[in-house]
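This chain uses plain numbering: 1 for the first residue, then up along the sequence. Indexing begins at 1, ligand by ligand and atom by atom, following the structure's order. All heavy atoms count here, side chains included; hydrogens, waters and symmetry mates do not.
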Amino acid sequence: MDNPWEVAQNQFDEAAKLSGLEDWLCSLLREPERVMTVSIPVRMDNGDVHIFTGYRSQHSSLRGPTKGGIRYHHNVNLDEVKALSMWMTWKCAVMNIPFGGGKGGIKCSPKKMSSGEIERMTRKYISEIACIIGPTKDIPAPDVNTDPQTMAWVMDTYSRISGGYTPGVVTGKPLEIGGSEGRNQATGRGIYFTILNYFKHKKQSVDKKNVIIQGFGNAGKYSAMFLEKEGFIITGVSDSTGAIYNSKGIDVEKLIKVKNKTKSVMNYKDAEKISVNEILELKTDILIPAALESSINSVNACRIKANLICEAANGPITKEADRILEDKNIVVIPDILANAGGVSVSYFEWVQNTQSFYWTAEEVDVRLRNLMEKAFNNIICIAEEKNISLRMSALMIAINRVSAAARLRGV
Ligand code: NAD
């Protein structure tokens with residue numbers, strides 16, 4: 001598999017060159033400001049002590065505290081976390097949110113662990129990284145295999161260590177303890193707004209456009225739900241257990257129930273079962289990769305038949321694959337714009353926590369819609385003006401904003 005850190009650095013190098021960035025800024029922004037690796041001893045339910053390895057990478061705090069999710073997965077490693085933290089810097093900058101980029105993770109197999117084991121691991125991890133996080137330093141959020149309950153443990157552990165109720169240390173919390181309306185659905189909501197913005201710009205109707213979604217977790221599930229309500233037809237869905245396809249459409253509400261109950265999309269009845277690789281290569285109007293990095297790579301990119309790819313996952317397309325897709329005239333809406341709904345509502349949550357003043361679901365939704373539309377228009381305008389890809393346009397906007405902060409702040 002392609003190394004996501006190399007993918008992230010290559011993307012940066014290309015956009016930095018196009019922007020004519022000074023050498024010192026290239027060197028500065030090519031690496032994270034700080035990375036931390038921690039050992040996490042956890043007493044397992046059977047009495048054994050298991051030592052997990054956890055990471056936190058803070059790529060850039062030039063525009064504000066670093067911000068980014070915490071991932072629990074058996075493939076988590078330092079390079080992945082560094083890449084994800086760099087993408088967070090660009091994402092916050094492209095949305096013009098006053099945060100930098102961070103990311104964390106623990107190498108573990110959460111599906112094989114009990115809730116008690118995950119709670120103890122989370123609390124120990126947070127106590128290890130407590131010295132570098134905080135509402136004005138670095139603010140975690142959910143990512144793969146972490147959820148509002150995990151964020152509640154993060155908030156509670158940090159509040160106990162810091163000696164006071166500190167909801168602003170983490171976002172994606174449950175509503176009862178300082179979460180924001182709309183945060184849980186925000187990434188999917190942002191994907192939906194982005195796709196609508198794209199077709200509005202193209203002056204095309206969205207009615208009955210086909211969608212295939214890889215990954216049916218937080219990002220994939222809510223994307224499917226909002227798109228289906230708008231008249232899109234969700235024809236294919238996959239998760240880590242397999243893939244299902246029905247050209248007439250999959251009933252998203254039913255599928256969510258099946259997935260919640262059985263933990264697998266494969267138990268949905270009214271669809272053909274196919275392989276997770278095959279589903280990516282089917283003909284479709286829109287393909288939404290919403291799982292992990294590098295799922296579209298030099299091996300399968302030439303077989304992709306989608307007209308549009310909207311990146312819900314971070315880094316789902318490798319550098320080589322990007323080039324192949326461009327040659328095939330497949331439009332890619334990049335992750336740092338497409339999935340920015342999550343961090344945008346995380347920002348709203350942090351603002352609400354800071355003010356102890358909470359907004360309605362409607363207020364959150366209107367603000368998110370406006371933010372996504374503004375960022376989209378900005379990116380498409382520069383892409384068309386300079387005849388570059390949406391990814392390069394988004395990266396150039398982001399890099400320009402971060403480097404402006406660097407020049408002003410000085411060394
Ligand atoms: P999640 O844990 O809720 O869901 C991940 C899904 O991907 C699961 O359904 C899993 O079964 C599936 N999956 C894993 N490997 C797969 C494979 N090989 N083929 C098909 N499906 C596979 O995670 P999430 O929060 O939805 O995150 C998914 C992606 O979206 C990640 O790249 C994450 O960084 C990105 N993202 C998430 C958020 C957020 O707010 N949660 C925000 C921005 C970006």
Side-chain angles (χ1 to χ4, degrees), residues 1 4 7-8 67-76 80-81 83-88 90-92 95 101-105 109-111 140-151 170-173 179-180 182-191 194 212-225 236-244 255-256 258-260 262-266 274-280 287-297 300 310-317 334-347 349 368 372:
M1 194 172 93
V7 176
K67 179 98 194 72
I70 296 175
R71 176 175 294 194
Y72 293 168
H73 194 270
H74 58 268
N75 283 336
V76 164
E80 180 184 60
V81 168
L84 291 163
S85 72
M86 182 192 262
W87 285 322
M88 284 306 295
W90 311 141
K91 196 182 300 180
C92 294
M95 298 308 291
K103 203 81 179 194
S109 298
K111 285 178 189 151
D143 193 75
V144 174
N145 292 323
T146 57
D147 61 13
Q149 174 61 76
T150 327
M151 301 307 114
V170 65
T171 58
K173 300 179 291 295
S180 173
R183 173 60 187 91
N184 207 27
Q185 308 91 304
T187 304
R189 191 81 180 145
I191 293 289
T194 301
I212 287 178
I213 303 181
Q214 180 207 33
F216 204 61
N218 180 286
K221 178 176 69 180
Y222 288 113
S223 301
M225 203 176 88
V237 171
S238 66
D239 66 9
S240 57
T241 65
I244 54 171
L255 180 61
I256 291 175
V258 169
K259 170 85 179 169
N260 286 346
T262 69
K263 308 277 175 237
S264 168
V265 298
M266 297 298 274
I274 55 173
S275 81
V276 286
N277 292 335
E278 214 182 324
I279 197 167
L280 293 171
L287 174 63
I288 304 180
L292 295 167
E293 299 88 60
S294 309
S295 53
I296 302 175
N297 46 51
N300 62 4
C310 186
E311 294 184 324
N314 287 304
I317 302 180
D335 44 9
I336 60 172
L337 167 70
N339 71 30
V343 75
S344 301
V345 180
S346 272
Y347 165 54
E349 180 174 333
L368 176 63
M372 299 291 311

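- Where the criterion is an N or O separation shorter than 3.5 Å, residue side chain and backbone included, Asn218 meets it with respect to ligand 1.
- In this structure, a donor-acceptor pair under 3.5 Å is present between the side chains of Ser346 and Arg183.
- A salt bridge is absent between Lys103 and Glu293; no separation between the charged side-chain nitrogens and carboxylate oxygens falls under 4.0 Å.
- Contact annotation for Ala312 and ligand 1: only backbone heavy atoms (N, CA, C, O) come within less than 4.0 Å of the ligand.
- Listed by atom number, the atoms of ligand 1 under 4.0 Å from Phe216 heavy atoms are 6 (C), 9 (O).
- Listed for the Glu80 side chain is no donor-acceptor partner under 3.5 Å among the backbone atoms of Pro4.
- Atom 2 (O) of ligand 1 has Asn145 N, 2.9 Å as its closest protein atom, hydrogens excluded (heavy atom only).
- Using a 4.0 angstrom heavy-atom cutoff, Lys263 does not count as in contact with ligand 1.
- Residue Ala291 approaches ligand 1 through these ligand atoms, each under 4.0 Å from one of its heavy atoms: 7 (O), 13 (N), 16 (C), 21 (N), 22 (C), 28 (C), 29 (C), 31 (C), 32 (O).
- The residue among Lys103, Glu80, Lys111, Gln214 with a heavy atom at the shortest distance from atom 19 (N) of ligand 1 is Gln214.
- At least one side-chain heavy atom of Asn184 sits less than 4.5 Å from a side-chain heavy atom of Pro148.
- Contact atoms of ligand 1 toward Asn314: 32 (O), 33 (C), 34 (O), 35 (C), 36 (N), 44 (C) (distance under 4.0 Å to a heavy atom of the residue).
- Inter-residue side-chain proximity for Ile256 and Phe216 is flagged as met; some heavy-atom pair is nearer than 4.5 Å.
- Polar contact with ligand 1: absent for Gly342 (N/O pair, distance under 3.5 Å).
- Formation of a donor-acceptor pair under 3.5 Å by the Glu349 side chain with backbone atoms of Lys173 is found in this model.
- On a distance-only criterion, Gly217 and ligand 1 share at least one N/O pair closer than 3.5 Å.
- Judged purely by distance below 3.5 Å, without hydrogens or angles, the side chains of Asn314 and Asn339 pair a donor atom with an acceptor atom.
- Taking atom 33 (C) of ligand 1 as the reference point, the nearest protein heavy-atom neighbour is Asp143 OD1, 3.2 Å.
- The minimum heavy-atom distance between Pro316 and Asp335, with the atom names listed, is CD-OD2, 4.3 Å.
- Between Arg71 and Thr146, the closest side-chain pair of non-hydrogen atoms is not below 4.5 Å.
- In the vicinity of Arg71, heavy-atom distances shorter than 4.0 Å reach the ligand 1 atoms 31 (C), 32 (O), 33 (C), 34 (O).
- Heavy-atom proximity to Ala313, at under 4.0 Å, picks out these atoms of ligand 1: 29 (C), 30 (O), 32 (O), 35 (C).
- Atom 30 (O) of ligand 1 is flagged as protein-proximal [any protein heavy atom, distance under 4.0 Å].
- Here Lys259 has side-chain heavy atoms under 4.0 Å from ligand 1, and that is the only part of it that gets that close.
- For a threshold of 3.5 Å applied to N or O pairs, the pair formed by Thr187 and ligand 1 contains at least one separation below that value.
- Here Arg183 has side-chain heavy atoms under 4.0 Å from ligand 1, and that is the only part of it that gets that close.
- In terms of protein heavy atoms, atom 23 (O) of ligand 1 is closest to Val144 CA, 3.5 Å.
- Looking at Ser295 against ligand 1, nothing comes within 4.0 Å, counting heavy atoms.
- Proximity annotation for atom 11 (O) of ligand 1: of Ser240, Gly215, Pro142, Ser240 comes nearest, heavy atoms only.
- Ranking protein heavy atoms by distance to atom 26 (O) of ligand 1, first place goes to Ala219 N, 2.9 Å.
- Between the side chain of Ser275 and the main chain of Glu278, a donor-acceptor pair closer than 3.5 Å is present.
- Partner Val265 forms a side-chain contact (heavy atoms from CB on, under 4.5 Å) with one of Val237, Val258, Ile213 and no other, that one being Val237.
- At least one donor-acceptor pair under 3.5 Å links the side chain of Asn145 to the backbone N or O of Tyr72.
- Put simply, the side chain of Val343 reaches to within 4.5 Å of the side chain of Cys92, judged on heavy atoms.
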